[in-house]
Amino acid sequence: MVRTRFAPSPTGYMHIGNLRTALYAYLFAKRHDGKLILRIEDTDRKRTMPQTIRVIYNSLELAGIEYDEGPEKDGGYGPYTQSQRREIYNRYAAEALEKGLAYRCFCTNTGEKAAKTKVVERRDPCRTLTPEQVQERLNQGQPFVIRQRVPDEGTSTFHDHVFGEITVKNSDLDDQVLLKSDGFPTYNFANVIDDHLMGITHVIRGLEYLSSTPKYNLLYAGFGWPTPEYIHLPHITKENGRKLSKREGDASFEDLLAKGYLPQAVVNYIALLGWNPGDEREFFTLPELIAAFDIDRINKSSASFTLVKLDWLNSQHVRALSPEEFYQIALPYYPAEAVQRFDVAAISRLIQSRVIRLTDIPQMVDFLLRLPDFPVDLFVHEKSKSTIASSLNILEQALPLLQSLETWENLALQEALKAFAQQTGLKTGTVMWPIRIAISGLLNTPGGATEIAEILGREETLRRINQAVSCLRQAA
RNA sequence: GCCCCCAUCGUCUAGCGGCCCAGGACGGAGCCCUCUCAAGGCUCAAACAGGGGUUCGAGUCCCCUUGGGGGCACCA
């Protein structure tokens with residue numbers, strides 16, 4: 001049984017790199033009829049913001065990533081929140097000490113010092129303390145951390161499904177802290193204990209853990225546990241190649257949704273950032289992703305996150321919606337006045353194939369509410385053979401024609417105006433152009449003249465045409 | 001400073017020694033269609049970082065250089 005996990009720490013919002021990790025863990029588990037476990041890594045008391053756990057739940061839910069076990073979904077491997085597992089870590093820390101896998105370190109601030117001087121000590125002086133010396137310090141009540149005792153000799157080799165075989169010298173590995181002086185475990189310790197105890201078969205996580213993996217494996221070996229399979233994921237960068245960061249407010253899932261992207265489009269997009277199905281498909285629903293997902297097709301190199309392709313995918317997903325679905329999703333984006341005055345279901349049918357982001361909608365329909373001020377030369381259009389004079393002439397003739405129409409509906413309008421064009425020997429475009437301009441005041445509109453006329457209704461359409469006629473008379 | 005990893009069009013990518021004077025997609029340019037725009041159809045421009053090897057043959061294997069990323073925290 002495949003068991004994967006997504007193990008975020010609740011320190012803020014969910015950026016798309018994290019979301020992709022969650023997605024891949026989910027896709028892989030589901031692809032193999034396995035389970036996805038959600039584990040909350042809140043062992044850093046300074047950075048943890050408990051209220052942001054909600055963000056994680058929300059994002060996963062919106063993305064459609066369903067986990068099988070988690071903090072509020074017990075599957076027998078709990079608790080799923082690391083701060084609630086402290087006794088477990090203490091127990092294994094004691095065992096590590098007994099087995100000589102770890103030792104107590106009484107140094108203070110060594111990490112800071114090392115970082116500052118750039119001189120990294122991989123072996124801590126406390127490593128060679130005798131049991132008597134250790135006992136003495138314990139008796140004095142000196143605070144301590146527990147460090148991993150990494151062998152000086154030999155090399156460590158492991159296999160990663162993305163990066164292949166990786167070998168490092170043990171002497172290049174540092175004696176990392178396993179248990180902090182506040183009694184909380186570090187990630188480096190907790191992840192090993194939890195992944196083993198929770199029966200995780202495949203560890204899917206970011207590339208930043210690749211270089212620590214040999215140390216984790218030493219721990220697994222020391223405890224006599226089998227190591228999981230590893231799938232390290234290359235990073236997602238922003239357009240300039242820099243790493244995405246929370247600090248700089250880079251693309252979070254929530255931001256993207258607020259910008260008018262559909263969750264399924266974002267999911268589709270990030271799935272393709274670093275993975276491809278092996279054929280030329282690009283549009284995927286979540287079930288289709290599950291069916292197609294294969295870790296052997298994950299890329300090694302990092303990918304940069306760009307909005308332009310997401311725009312396109314989003315427009316594809318918008319179009320894939322049924323008219324009714326789109327209408328429901330678009331509804332909140334319409335100005336209240338538009339909902340009152342017009343048939344927004346009809347507008348939705350018109351704009352569905354033209355919307356890129358949902359936030360485009362207000363701007364797109366604004367002209368229906370207020371005829372923009374527009375220059376009279378909008379009526380001049382070479383390709384449609386439309387001039388000021390022809391426009392005036394056509395609008396004057398169209399007025400009574402439209403007035404006398406029995407049904408005010410797109411098809412009827414179209415037929416009448418096309419017939420009129422034929423009778424007068426004009427191109428359809430020559431007739432339609434001035435009408436569309438007159439009733440929209442825009443060069444480009446989300447629909448043709450007759451479609452817009454239908455939305456506007458007879459009264460408003462005629463009012464706008466009349467208005468245009470007087471403008472044109474003045475200009476002529 | 002030390003260690004590890006990565007490197008194909010602007011971007012996402014296909015390519016696992018000959019099928020590649022490198023394919024697809026987004027974006028760009030143009031044409032067609034058309035009641036504008038969008039959609040759709042067609043066409044074009046656009047890449048194997050550089051240098052050495054190995055091989056009959058290299059984008060594909062090896063080495064070096066360069067560039068980029070990650071790690072070396074009592075953060076995850």
Side-chain angles (χ1 to χ4, degrees), chain A residues 7-9 11 41-44 46-48 105 107-112 114-115 117-122 143-147 160 162-164 166-169 171-174 176-188 190-191 205-214 232 234-235 237 239 241-243 269 272-276 278-282 297 299-306 308-313 315 319 351-356 381 383-384 413-414 417-418 421 427-433 435-437 440 442-452:
Chain A
S9 38
T11 57
E41 310 231 325
D42 59 347
T43 54
D44 184 340
K46 293 188 201 74
R47 294 204 315 163
T48 292
C105 165
C107 302
T108 51
N109 292 327
T110 51
E112 255 175 54
T117 57
K118 287 276 179 193
V119 177
V120 180
E121 292 291 337
R122 301 195 195 286
F144 64 90
V145 300
I146 294 178
R147 283 185 187 277
D160 179 89
V162 174
F163 291 95
I166 291 171
T167 300
V168 293
K169 291 200 286 282
S171 56
D172 285 328
L173 268 18
D174 64 304
Q176 62 184 353
V177 171
L178 265 19
L179 210 69
K180 311 177 211 176
S181 56
D182 66 5
F184 278 77
T186 60
Y187 169 87
N188 298 132
N191 95 84
R205 64 177 32 146
L207 182 63
E208 64 272 27
Y209 300 106
L210 188 71
S211 54
S212 305
T213 299
H232 285 94
H235 283 137
T237 67
E239 311 202 18
R242 294 294 314 173
K243 193 181 172 182
Y269 177 70
L272 259 18
L273 237 36
W275 170 84
N276 76 82
D279 53 41
E280 282 168 356
R281 286 176 298 164
E282 302 218 84
R297 301 200 63 89
N299 276 164
K300 289 188 176 88
S301 46
S302 60
S304 84
F305 177 89
T306 325
V308 277
K309 188 133 187 186
L310 176 57
D311 278 346
W312 172 75
L313 257 182
S315 70
R319 281 171 192 117
I351 66 173
Q352 184 172 3
S353 68
R354 292 170 240 255
V355 164
I356 294 178
H381 185 67
K383 260 194 78 180
S384 302
L413 287 158
Q414 232 182 86
L417 290 167
K418 282 187 176 171
K427 285 176 59 171
T428 308
T430 316
V431 173
M432 297 296 191
W433 183 272
I435 295 174
R436 195 178 57 81
I437 297 297
S440 71
L442 296 174
L443 197 55
N444 302 322
T445 48
T450 57
E451 291 169 314
I452 289 162

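Chain letters run A, B, ... following the sequence lines, proteins first and then strands; every chain starts at 1. Computed over heavy atoms, backbone and side chain alike; hydrogens, waters and symmetry mates excluded. Fair warning: this is a prediction, and the values are worked out from it, not measured in the lab.
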Among side-chain atoms of [X] and [Y], is any donor-acceptor pair under 3.5 angstrom?
X: R281(A); Y: N276(A); value: no
X: E208(A); Y: H232(A); value: no
X: T445(A); Y: R436(A); value: yes

In Watson-Crick or G-U wobble terms, both distances under 3.5 Å, what is the partner of [N]?
N: rA14(B); value: none
N: rC42(B); value: rG30(B)
N: rC72(B); value: rG1(B)
N: rG67(B); value: rC6(B)
N: rC35(B); value: none

Checklist entry - For F163(A) and L207(A), what are the C-alpha separation, side-chain angles and deciding distance, and is it a side-chain contact (heavy atoms from CB on, under 4.5 Å)? => result CA-CA 10 Å; F163(A) 291 95; L207(A) 182 63; 3.5 Å; yes
Counting only distance, no hydrogens or angles, is the base of [N] paired donor-acceptor with the side chain of [X] under 3.5 Å?
X: S302(A); N: rC6(B); value: no
X: S304(A); N: rU11(B); value: no
X: K383(A); N: rU34(B); value: yes
X: T428(A); N: rC35(B); value: no
X: K300(A); N: rA7(B); value: no

Item to check | Aromatic ring pairing H381(A)/W433(A), orientation class (parallel under 30°, perpendicular over 60°, tilted between) | outcome: parallel
Closest to side chain of [X], choosing from [options]:
X: S211(A); options: rC35(B), rC12(B), rG70(B); result: rG70(B)
X: R47(A); options: rC4(B), rA76(B), rG27(B); result: rA76(B)
X: R319(A); options: rA38(B), rC4(B), rC12(B); result: rA38(B)
X: R354(A); options: rC12(B), rA76(B), rA38(B); result: rA38(B)
X: E208(A); options: rG70(B), rC74(B), rC4(B); result: rG70(B)
X: W312(A); options: rC5(B), rA25(B), rA76(B); result: rA25(B)
X: Y187(A); options: rC3(B), rC5(B), rA76(B); result: rA76(B)
X: D172(A); options: rA76(B), rU36(B), rC3(B); result: rC3(B)
X: N299(A); options: rC4(B), rA76(B), rA14(B); result: rA14(B)

Expressed as a whole number of Å, how far does the [atom1] atom of [N] sit from that of [M]?
N: rU60(B); M: rU55(B); atom1: P; value: 16 Å
N: rU66(B); M: rG50(B); atom1: P; value: 16 Å
N: rC26(B); M: rG40(B); atom1: P; value: 8 Å
N: rA14(B); M: rC6(B); atom1: P; value: 15 Å
N: rU36(B); M: rA45(B); atom1: C1'; value: 28 Å
N: rG59(B); M: rU8(B); atom1: P; value: 15 Å
N: rC62(B); M: rC42(B); atom1: P; value: 40 Å
N: rC16(B); M: rA29(B); atom1: C1'; value: 35 Å

What is the distance from [atom1] of [X] to [atom2] of [N], rounded to the nearest Å?
X: L313(A); N: rG27(B); atom1: CG; atom2: P; answer: 10 Å
X: R281(A); N: rG24(B); atom1: CZ; atom2: P; answer: 18 Å
X: K180(A); N: rC74(B); atom1: NZ; atom2: C1'; answer: 7 Å
X: K46(A); N: rA73(B); atom1: NZ; atom2: P; answer: 16 Å
X: Y209(A); N: rC72(B); atom1: OH; atom2: C1'; answer: 15 Å
X: W433(A); N: rU34(B); atom1: CH2; atom2: P; answer: 16 Å
X: D174(A); N: rG71(B); atom1: CG; atom2: C1'; answer: 9 Å
X: Q414(A); N: rU34(B); atom1: CD; atom2: P; answer: 13 Å

Any side-chain N or O of [X] below 4.0 angstrom from OP1/OP2 of [N]?
X: N276(A); N: rA14(B); answer: yes
X: R147(A); N: rC74(B); answer: yes
X: N188(A); N: rC75(B); answer: no
X: T306(A); N: rC26(B); answer: no

Heavy atoms under 4.0 Å, any strand shown: does [X] hit a base, just sugar-phosphate, or nothing?
X: S315(A); value: nothing
X: G447(A); value: base
X: R297(A); value: sugar-phosphate
X: F305(A); value: nothing
X: S301(A); value: sugar-phosphate
X: V145(A); value: base
X: A449(A); value: base

Checklist entry - Got a salt bridge between K46(A) and D44(A), using NZ or NE/NH1/NH2 to carboxylate O under 4.0 Å? => result no
Item to check | Contacts of N444(A) that satisfy side-chain contact (heavy atoms from CB on, under 4.5 Å) - sequence neighbours left out | outcome: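 Listed in chain order: nothing, the list is empty.
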Item to check | CD1-OG1 distance between I166(A) and T213(A), expressed to the nearest 0.5 angstrom | outcome: 7.5 Å
Item to check | Validation row: T450(A), L417(A) side chains within 4.5 angstrom (heavy atoms) | outcome: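 SC-SC contact between T450(A) and L417(A) confirmed.
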Checklist entry - Would you say the side chain of L179(A) lies within less than 4.5 Å of the side chain of F184(A), judging by non-hydrogen atoms? => result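 No, too far: nothing below the 4.5 Å cut-off.
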Next on the checklist: Quick check on RNA chain B: between K169(A) and K418(A), whose nearest nucleotide comes earlier from the 5' end?
Outcome noted: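 The residue whose closest nucleotide sits nearer the 5' end is K169(A).
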Next on the checklist: Both L179(A) and G429(A) contact RNA chain B. Which one's nearest nucleotide lies toward the 5' end?
Outcome noted: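 Mapping each residue to its closest nucleotide by heavy atoms, the 5'-most match is G429(A).
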